[in-house]
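Proteins get letters first, then strands, A, B, ... in listed order; numbering begins at 1 in each.
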Protein chains: 2
Amino acid sequence: MRPGINSDQTERIIQALKRAGYQATPNRRLVAELVAATGGHFTAAELLERGRRERVNIGRATVFRALELLASLRVVERLDLPSGSHAYVVCDPDEHHHHLVCSTCGRSEDIADGELARLVDEIGRRNGYRIEAHRLELFGICPACSAADTAERETLA
Amino acid sequence: MRPGINSDQTERIIQALKRAGYQATPNRRLVAELVAATGGHFTAAELLERGRRERVNIGRATVFRALELLASLRVVERLDLPSGSHAYVVCDPDEHHHHLVCSTCGRSEDIADGELARLVDEIGRRNGYRIEAHRLELFGICPACSAADTAERETLA
DNA sequence: TCGGAATTGATACCCGGTCTCATTGGTGAT
DNA sequence: ATCACCAATGAGACCGGGTATCAATTCCGA
Ligand SMILES: [Zn+2]
Ligand SMILES: [Zn+2]
Ligand SMILES: [Zn+2]
Ligand SMILES: [Zn+2]
């Protein structure tokens, strides 16, 4: 938060809200800042807690509502982690894509749909389905976490 | 249920349990039957209700525990529907694959991983991640529902 | 400035799923 | 068959994410 590297992303989120005809209220601005400030994925509860640390009195429901709104604008996306719990990641609303998520630190990369579209199309045709949606999620260990891991292993050896 | 087209699937599920060293108790048999009897996806609550209709006194926790067990054996898989709710589908445990689900009737088809493996691999390499898991889910309208839909449309016209 | 619409917070509620714990049932060794 | 032991079960408390309600507030456009 605070003017910094993410302030432009904050601004983009707010613009998306306005463009869609929603008010850019202080609460929503706060959520936008918090979202923009996270590197990887985050849960609603985390956001709420961080939000409360900065500014008292942001309601739980308000946070959920803001996230729901941002999700509907495709500014964030809800992930289903392998653990079964839910998390959100900030997202480029302009282009369909998928996510590669580090299961250790939560960092997330956008993955272009690429050849997948063709694949999905073919699967639909082959099965006679009219495909309406698809979801691809990749989970793994990011370079940083991987490096940290091997480093630790070596000091132990 | 009842000896029928799905009795062999029921048996396969039970064999999977035994093979993994778990007891094939009456409750688990019941769950296996119920699972085998569903064409498409089902929720834990549905299963519980159907189970109670056949045989009183199967505990909620028991059903959840059985499903968890079957999921760990890859005999069923938990889906995250676009709606956000969870459902299970029966699954071939022997080969990695994905699911194509009808958003109208819930019917589900197994989809071979095929080229996806290569794609996933490449994405991992390109981003320096060590990929641990991936999930692909496809949603659409199955041929039957599609046909029913157009038929209805025509009678209205 | 004013009135209606949008937003908000508190709180109750819902629902899927898990935990606890006392009871029961199955299994394998004898 | 018996016994001891571990697995499985049911009831119910519990939990966490998310939604519904509703009155109070804030916003915004005329
Ligand atoms: Zn994204
Ligand atoms: Zn990482
Ligand atoms: Zn269908
Ligand atoms: Zn796959």
message: Between B:R50 and B:E54, is the salt bridge (charged side-chain N to carboxylate O under 4.0 Å, His left out) condition met? List the steps.
response: CA-CA 7 Å; B:R50 287 200 283 134; B:E54 304 231 336; over 6 Å; no
field: From C:dG16, C:dG9, D:dG18, nucleotide with atom closest to A:R78 side chain
entry: D:dG18
Please enumerate all protein N or O atoms sitting under 3.5 Å from an N or O of nucleotides 21-29 of chain D, with distances to 0.1 Å.
unit_1, atom_1, unit_2, atom_2, d
D:dC27, O3', A:Q23, OE1, 3.3

message: Check B:R29 with B:E33, please: is the shortest side-chain N to carboxylate O separation under 4.0 Å?
response: no
- request: Measure the distance from CZ on B:R29 to P on C:dG25 and round it to the nearest whole Å.
  value: 17 Å
field: Minimum heavy-atom distance A:L69-A:S72, with the two atoms named
entry: O-OG, 2.7 Å
field: Residues which pass side-chain contact (heavy atoms from CB on, under 4.5 Å) with B:R12, listed by chain and number, not counting sequence neighbours
entry: B:Q9
Donor-acceptor contacts under 3.5 Å from residues 131-146 of chain B side chains, at least two apart:
unit_1, atom_1, unit_2, atom_2, d
B:E132, OE1, A:S103, OG, 2.9
B:H134, NE2, B:H96, NE2, 2.9
B:H134, NE2, B:H98, NE2, 3.1
B:H134, NE2, B:D113, OD1, 3.1
B:R135, NH1, A:D80, O, 2.8
B:R135, NH1, A:E137, OE1, 2.8
B:R135, NH1, B:D80, OD2, 3.4
B:E137, OE1, A:R135, NH1, 2.8

- prompt: For B:H86, does its backbone N or O pair with a side-chain atom of B:R78 as donor and acceptor, under 3.5 Å?
  reply: no
query: Partners of A:N27 by side-chain contact (heavy atoms from CB on, under 4.5 Å), sequence neighbours excluded?
result: A:T25, A:I58, A:T62
task: Starting from P on D:dA7, measure out to CG on B:L17 and report it in whole angstrom.
output: 15 Å
field: Rounded distance in Å - CD1 (B:I58) to P (D:dA11)
entry: 11 Å
query: Counting heavy atoms not belonging to B:R74, are there more than 12 under 6.0 Å from its CZ?
result: no
Output side-chain donor-acceptor pairs under 3.5 Å for residues 105-112 of chain A, partner residues at least two apart or in another chain, one line each.
unit_1, atom_1, unit_2, atom_2, d
A:R107, NE, A:E109, OE2, 2.8
A:R107, NH2, A:E109, OE2, 3.1
A:S108, OG, A:H99, ND1, 3.3
A:E109, OE2, B:Y129, OH, 2.9
A:D110, OD2, A:H97, NE2, 3.1

- line: One would report the end-axis bend of the helix from C:dT1-D:dA30 to C:dT30-D:dA1, five pairs per end and rounded to 10 degrees, as 40°
field: A:L48 CG to D:dT19 P, straight-line distance once rounded to whole Å
entry: 14 Å
task: Would you mind telling me which of D:dG17, C:dG9, C:dA10 lies closest to the side-chain atoms of A:T62?
output: C:dG9
- prompt: Considering heavy-atom distances to DNA chain D, does B:N57 or A:E68 have its closest nucleotide positioned more toward the 5' end?
  reply: B:N57
query: Of the nucleotides C:dT8, D:dT19, D:dT9, which one has an atom closest to the side chain of A:R28?
result: C:dT8
- request: From the options D:dG18, C:dT18, C:dA10, select the nucleotide whose nearest atom is closest to the side chain of A:F64.
  value: D:dG18
message: Could you tell me how far apart A:L69 (CG) and D:dT19 (C1') are, to the nearest whole angstrom?
response: 16 Å
field: Interatomic distance, A:L70 CG vs D:dG18 C1' [rounded to whole Å]
entry: 16 Å
- prompt: In whole angstrom, what separates A:L81's CG from C:dG17's P?
  reply: 15 Å
message: If I take atom CG in residue B:L67 and atom P in nucleotide C:dT18, what distance separates them, rounded to the nearest angstrom?
response: 10 Å
message: Can you say whether a donor on the side chain of A:R60 sits under 3.5 Å from an acceptor on the base of D:dG18, or the other way round?
response: yes
